[in-house]
Amino acid sequence: MSEILTIADLKDLARRKVPKMFFDYADSGAWTESTYRANEEDFGKIKFRQRVLVDMSNRSLESTMIGQKVAMPVALAPTGLTGMQHADGEMLAAQAAEEFGVPFTLSTMSICSIEDVASVTKKPFWFQLYVLRDKDFVFNLIDRAKAAKCSALVLTLDLQILGQRHKDIRNGLSAPPKMTLANIIDLASKPRWCLGIAGTKRRTFRNIVGHAKGVGDVSSLSSWTTEQFDPQLSWKDVAWIKERWGGKLILKGILDKEDALMAAETGADAIVVSNHGGRQLDGAASSISVLEEIADAVGDRIEVHMDGGIRSGQDVLKALCLGAKGTYIGRPFLYGLGAMGKAGVTKALEIIRKEMDITLALCGKRLVTDMGKDQLRR
Ligand SMILES: Cc1cc2nc3c(=O)[nH]c(=O)nc-3n(C[C@H](O)[C@H](O)[C@H](O)COP(=O)(O)O)c2cc1C
């Protein structure tokens, strides 16, 4: 490929570099993938107003998310198995985000542990929590995130039962991959990936193995994980999690305004309007299509963030116009990571920054924080 100009270019490159089961794990949604597709497609229906002859010098993309300064309001979303897109993936992505000046969110289901990421970063990162049945393990995770000085806890609300993604079942997804004939043939065409993974000790869920009771090695891990998501999680649990954590709390996975209003009552600092990247309830609305309604409903009672389907800086600006104070990208940074490691994550962020900057100017604005409903054609 001559030059990488878009997130789609990074996706094409990642497809060639990353083993099929992990590329597919990123590029998949639940069941028919209709919500996964709608997340991206619905951005295309929103149009900007083009304005001319306004001073567009001295532009700035700087903003804040939950009171923290960000170079642009685009955080890296928590994604499981990121260290399988590229060796030590979470550590590299966290470093790229830190250097760029945007938040990195580490998933509970990461390959590199909280401590691994803390050991290679200087600024605080965010930690995403899944509430599991083993409450001692959950307490311990919260305490470990505190000890690592994480500056926000992102509590995911939309995965108490796992949505079915057909590709993962067909590919026999596991970390590390099992040595079946199909996998061996696939891995033979991905030598750089293999070398990277062979050169690291981080090949399975390091937040879990060695920390959760009954999970001493990888063989017991997959059954433990699938049985562990707690189907009884309720609004009441948010209170004890908030108290034990004691810091900034973000509730992720809100797609309905009634839930958003309940979230605002909890005293959390922000919600993320999200359908888990179309990976959970297939047939749910796209995130961008419900954002305005939710933002209007909660007003200034709680900060509103969104994710799902952002593939360009224009998408970020559209989300800001419709009421988001901040956004997250999942697949765009994963494709960058799979394509080119840390440099690829930086590239994904640079692509989005440049698109945001030019669009801001052509909309007749200088500050990203000035983007609002007025900048859209309605
Ligand atoms: C491969 C993959 C793994 C994910 N793992 C998690 C996870 O462990 N925890 C979580 O809260 N969300 C997870 N998500 C959802 C993302 O945080 C985010 O909501 C979603 O990716 C946003 O959509 P986008 O990928 O279109 O940007 C995952 C998403 C992907 C693509």
Side-chain angles (χ1 to χ4, degrees), residues 7-8 10-11 14 18-19 21-30 33 35-43 74-86 89-90 93 102-112 114 126-132 141 152-160 162-163 165 167-168 171 173 175 205 207-208 225-226 228-229 233 250-255 271-281 284 286-288 291 305-313 315-316 319 324 326-338 345 348-349 352:
I7 298 298
L10 287 172
K11 180 174 181 179
V18 177
M21 79 165 62
F22 300 118
F23 177 82
D24 282 355
Y25 170 66
D27 183 27
S28 62
E33 303 191 332
T35 299
Y36 174 31
R37 285 190 301 277
N39 272 351
E40 294 182 19
E41 286 164 8
D42 286 355
F43 275 105
V74 183
L76 301 194
T79 52
L81 276 79
T82 303
M84 285 291 128
Q85 302 295 335
H86 188 285
E90 291 91 353
V102 294
F104 169 78
T105 318
L106 183 71
S107 163
T108 294
M109 304 308 290
S110 55
I111 299 294
C112 303
I114 298 173
W126 295 355
F127 180 67
Q128 174 265 326
L129 182 71
Y130 277 131
V131 180
L132 306 176
L141 267 180
L153 188 73
V154 178
L155 177 63
T156 298
L157 309 177
D158 61 1
L159 198 142
Q160 292 321 116
L162 195 65
R165 303 152 203 164
K167 289 174 196 158
D168 294 350
N171 288 331
L173 176 74
F205 300 93
N207 278 332
I208 299 174
T225 317
T226 33
Q228 271 293 326
F229 292 103
L233 185 72
I250 301 174
L251 301 179
K252 173 173 184 280
I254 302 275
L255 210 61
I271 54 170
V272 188
V273 174
S274 171
N275 50 35
H276 217 102
R279 299 162 74 78
Q280 286 294 98
L281 179 61
S286 66
S287 306
I288 192 66
L291 173 64
H305 300 169
M306 79 77 71
D307 75 16
I310 292 175
R311 300 293 176 266
S312 70
D315 294 343
V316 174
T327 65
Y328 301 70
I329 49 169
R331 295 172 183 93
F333 97 84
L334 292 179
Y335 296 145
L337 182 67
V345 178
L349 289 167
I352 286 174

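Remember, it's 1-based here, ligands and their atoms both numbered in the order they're listed.
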- Protein residues near ligand 1, heavy-atom distance below 4.0 Å? Tyr25, Ala26, Ala77, Pro78, Thr79, Gly80, Ser107, Gln128, Tyr130, Thr156, Lys252, Ser274, His276, Gly277, Arg279, Asp307, Gly308, Gly309, Arg311, Ile329, Gly330, Arg331, Pro332, Leu334
- Item | Set of side chain to side chain donor-acceptor pair (under 3.5 Å) partners for Ser286, sequence neighbours left out | Asp42, Ser289
- Any donor-acceptor N/O pair, Asn39 side chain to Ser287 backbone, under 3.5 Å: yes
- Item | Sequence-distant partners of His276, ring pair (Phe, Tyr, Trp, His ring centres under 6.0 Å), two or more places apart | none
- Item | Partner residues of Tyr335 under the ring pair (Phe, Tyr, Trp, His ring centres under 6.0 Å) criterion, sequence neighbours left out | Phe23
- Message: Is there a side chain to side chain donor-acceptor pair (under 3.5 Å) between Thr156 and Gln128? Walk through the geometry before answering.
- Response: CA-CA 7 Å; Thr156 298; Gln128 174 265 326; 3.0 Å; yes
- Between CG of Leu141 and OG1 of Thr108, what distance do you get to the nearest 0.5 Å? 5.5 Å
